[in-house]
Amino acid sequence: MTSYLERLNPEQREAVETVDGPLLVLAGAGTGKTRVLTTRFAHILLSGRASPGQVLAVTFTNRASREMRERVAVILGRPVEGLWLGTFHALCARMLRRHAEYVGLTSSFTILDTDDQLRLLKQVMELHRIDIKRWPAPGLMGAIQRWKDRGLTPDRITPSEDTDFAGGKARQIYGDYQERLRQLNAADFGDLMLHIVEILRTRPDVLAQYHRAFRYILVDEYQDTNTIQYLWLRLLAQREGFPSNICCVGDDDQSIYSWRGAEVENILRFEKDFPGATIVRLESNYRSTAPILGAASGLIAHNEGRMGKTLRPGREDSQGDKVLIASVWDSDEEARLVGERIEQLHREGNTLSEMAILVRAGFQTRAFEERMITLGLPYRVIGGMRFYERAEIRDAIAYMRAMNQPSDDLAFERIINLPRRGVGDVALSALHSRARADRVPMTEAVLRLLADGTLKGRVRDQLGQLMATLERGRIGLAEAAQGEQIAPVHIRVVETLLEESGYIDMWKRDKSPDAPGRLDNLKELVRALVDFETLGGFLEHVSLVMENDENAGADRVNLMTLHGAKGLEFDNVFLPGWEEGLFPSQRTMDESGNKGLEEERRLAYVGITRARKRALISHAANRRIYANWQSSIPSRFIDEIPEEHAERMGSTSLAREQLRNAPTVFSGQFPLMAKRPRAIESWEQPGRAPRSDTLAPGTRVFHQKFGYGIVKSADDNKLDVEFEKAGFKRVLDNYVQQVSEGEIGADIGTGS
DNA sequence: GTCGTTGCGTTTTTT
DNA sequence: ACGCAACGAC
């Protein structure tokens, strides 16, 4: 009966069994956080303390909600109904629909997406005659969102909290924007929380209703809560004369979302907010090897103001490889190194899906994608293309696939009853057995069942129409392929397909608030077809870019940002681009100073702790940023990793040498302060006046990226140079240095 | 409305 | 260098 408790270690068990009163579970990376949360949920239900509807369980993402729901069902051995389990926004929307009239909305209010929000705000700004160029709407949108994150309605904004945005009119515009939303019976994402908190604050009867309803509250990722989410939780959890049965799980060391309003202080303040709180630390890490934990712990120890937590290896077999730190010449070499290492690990029997390249910023993925393509290594970029994950897009693509390839059963099954064509379980299983018996695709099975009269009435008519529509489309495509017709034929065919099949109409008839957005998405999808000569080509592209049903399980290297990797784990993790200015990001440090730096360090900690077995950190001495090459010095985080857990590789000493010769700027805009390599005057400072000495043809020069070469011709400040290794290039004379014959110089560029 | 040109910005992302 | 957004022209 309580066997689920026996699979826990003592700390985990304490976290599950401390059911009454406030509890904070500080769960380090890889210490079984989700297991504790789900087991606790199940334990509350199984011990008879509450019914499913009396537990409020909150997560940040839909993915986390889904996972919790599934895992609770596994422990209970059955799916559970009537749960208040969901994201902050989903739960608030659910509550708000019940009490919408208190904030001047009706229960059928529309939830606006980012585009609508911005469009609306722009309208309001124009009414205020704001120069939209001088004060871009997204900036004000951000300010409004941050106010909402902090629970500030327009009337609560004091002049000191007002920004000077739009010449001091920001607060006023915010008020008008809220008024417009109300007129439209609409709420933006921030409003979902803001309104319900307002209601709970001002309507004791409503609050009391929820106090009675929820006996237990569970919160995931507490370190990521913003002020309004915290206020909401506190209102629901604090009840006069009753203990707060709130359990928050989180890790202050993994707080990486302050830039979108998250307040680490919420978790640091937990004991003050909920007096008598129990704190349980989960420190046994079952994920990673000892060196990886040592590296991560040593790094995060450089942060101040932590709650304090040490990851202990919890595995029997915790010894393993040291963390590799590679120094390379430039970003190309970095991509090459990572590619080679992936190939090597793959040869040794490691699966590609157990490898991940984690980058600081999205644009860094490109270099690795190109490398993967040349090496023929399958990869997937995660987080880049969420567009293709939307239901309506997947549906439409299923239509295209079913048309393009009649044997595509997965696609056909997805759309056979969408819109509803009266194909129920009976008809579907009849189709399945016929297809299996005759060893033909589903589409063919449909035709046969239509022909022999098994399908009757409405189903027959509807499916007959669907088959005819698909067939007409195929004919259209075939004609497009044969005739020398202009490219957009396949677009027309797809449009017709989606129209005639009734799929578009399905969404037009749909009265739900997001239906118009979905129609927009469908238009967008059709528009994307113009970039392809044929429908087949488009579908090929989509299948590569989309995490669809078939290749979700395929063996591919994962490529994503560090933020996107939170909560995931891999055997082998690659962490490229650890350079001052890039990681830690210069911009974060400029904007948020030491707080920003600490958040970057937490991001580094998150990165390292994703690895189960091996981690490779790398930095390049030269990186192409936008148009030109920039030199950069290794990230300070590299120096913060304890030597005993690290193994240096690549051209470390060469990079150190290069460091001494490097310019002091990373982006050409911000001076680097950490280390002060002295710049050699002349060539490495871009943007200065053209050099006065002329480089005559025949002069031997050195270029930071291309190496040594001979000037072939000079045109003003542009030189045509034949480089020894890089070949013929046109470069600006600012970027080359004259080399006298016989001077060897440090030819550090070619270290392989 | 739709197309083409110009100009600016360029980290991280969920709901 | 590149992409996207905003504006002006048809």
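All of these numbers come straight from a predicted model, not from anything done at the bench.
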Going by distance alone, is a donor N or O of one side chain under 3.5 Å from an acceptor N or O of the other, for [X] and [Y]?
X        : Y        : answer
A:Thr87  : A:Thr59  : no
A:Glu580 : A:Ser632 : no
A:Asp149 : A:Gln145 : no

Separation of [X] atom [atom1] from [N] atom [atom2], in whole Å?
X        : N      : atom1 : atom2 : result
A:Met141 : B:dT15 : CE    : P     : 18 Å
A:Trp232 : B:dT15 : CH2   : C1'   : 13 Å
A:Phe363 : B:dG9  : CZ    : C1'   : 13 Å
A:Leu192 : B:dT15 : CG    : P     : 13 Å
A:Glu599 : B:dT12 : CD    : P     : 14 Å
A:His89  : B:dT13 : NE2   : P     : 16 Å
A:Phe88  : B:dT15 : CZ    : C1'   : 12 Å
A:Arg602 : B:dT12 : CZ    : C1'   : 13 Å

Quick check on A:Arg94: does its CZ atom have over 12 non-hydrogen neighbours (other residues, nucleotides or ligands) under 6.0 Å away?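 Counting neighbours around CZ of A:Arg94, more than 12 heavy atoms of other residues, nucleotides or ligands fall under 6.0 Å, so yes.
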Looking at A:Arg182 and A:Val103, would you say the former's side chain and the latter's main chain have a donor-acceptor pair under 3.5 Å?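 Yes: the side chain of A:Arg182 pairs with the backbone of A:Val103.
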Would you say the ring centers of A:Phe109 and A:His195 fall short of 6.0 Å from each other?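 Centroid distance A:Phe109-A:His195: not below 6.0 Å, so no.
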Nearest-angstrom distance, P atom, B:dT12 to C:dA5: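 Per the computed distance, 15 Å lies between those P atoms.
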What's the gap between B:dT13 and C:dC2 when it is taken at their P atoms, as a whole Å value?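 Going atom to atom, P in each nucleotide, I get 23 Å.
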A:Glu600: which of A:Arg636, A:Arg360, A:Lys595 passes salt bridge (charged side-chain N to carboxylate O under 4.0 Å, His left out):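 Of all the options given, the one that passes is A:Arg360.
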Among B:dT12, B:dT13, B:dT15, which is the nearest nucleotide to the side chain of A:Tyr257?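 Closest nucleotide among those given: B:dT13.
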Choosing from B:dT12, B:dT14, B:dT15, which nucleotide comes nearest the side chain of A:Phe189?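 Nearest nucleotide to the side chain: B:dT15.
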For the student: nearest non-hydrogen atoms of A:Gln223 and A:Gln254, plus distance: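 The pair with the smallest heavy-atom distance is NE2-O, 3.9 Å.
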Name the nucleic acid region contacted by A:Glu591, choosing base, sugar-phosphate or nothing; use a 4.0 angstrom heavy-atom cut-off, strictly under.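 Base, at least one base atom sits under 4.0 Å.
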Counting the atoms with a prime plus P, OP1 and OP2 as sugar-phosphate, which does A:Gly362 contact under 4.0 Å by heavy atoms, base, sugar-phosphate, or nothing?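 Since only primed, P, OP1 and OP2 atoms lie under 4.0 Å of A:Gly362, the category is sugar-phosphate.
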Protein-nucleotides 3-6 of chain C N/O pairs closer than 3.5 Å?
unit_1	atom_1	unit_2	atom_2	d
C:dA6	OP1	A:Lys122	NZ	3.1

Starting from the C-alpha separation in whole Å, work towards a yes-or-no answer on side chain to side chain contact (heavy atoms under 4.5 Å, CB included) for A:Leu121 and A:Arg180. CA-CA 9 Å; A:Leu121 181 66; A:Arg180 280 291 290 145; over 6 Å; no
What N/O pairs connect the protein and nucleotides 1-4 of chain B at under 3.5 Å? Give each pair on its own line.
none

Annotated structure of DNA chain B as dot-bracket, pair cut-off 3.5 Å, Watson-Crick or G-U only, | for inter-strand, is ||||||||||.....
Tell me, please, whether A:Tyr257 has A:Arg260 positioned over its six-membered ring: NZ or CZ under 6.0 Å from the ring centre and within 45 degrees of its axis?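 Yes, A:Arg260 lies over the aromatic ring of A:Tyr257.
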A:Arg601 to A:Phe637, cation-pi by 6.0 Å centre distance and 45° axis angle: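 No; the conditions do not both hold, so A:Arg601 does not lie above the ring face of A:Phe637.
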Using only side-chain N and O atoms of A:Ser585, determine if any of them is under 4.0 Å from OP1 or OP2 of B:dT12.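 For A:Ser585, the contact criterion (side-chain N or O under 4.0 Å from OP1 or OP2 of B:dT12) is not met.
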Give the intermediate values and the outcome of side chain to side chain contact (heavy atoms under 4.5 Å, CB included) for residues A:Glu369 and A:Met372. CA-CA 5 Å; A:Glu369 284 190 68; A:Met372 297 290 131; 5.7 Å; no
Stacking of A:Phe60 on B:dT15 base (centres under 5.5 Å, planes under 30°):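 Answer is no, no stack.
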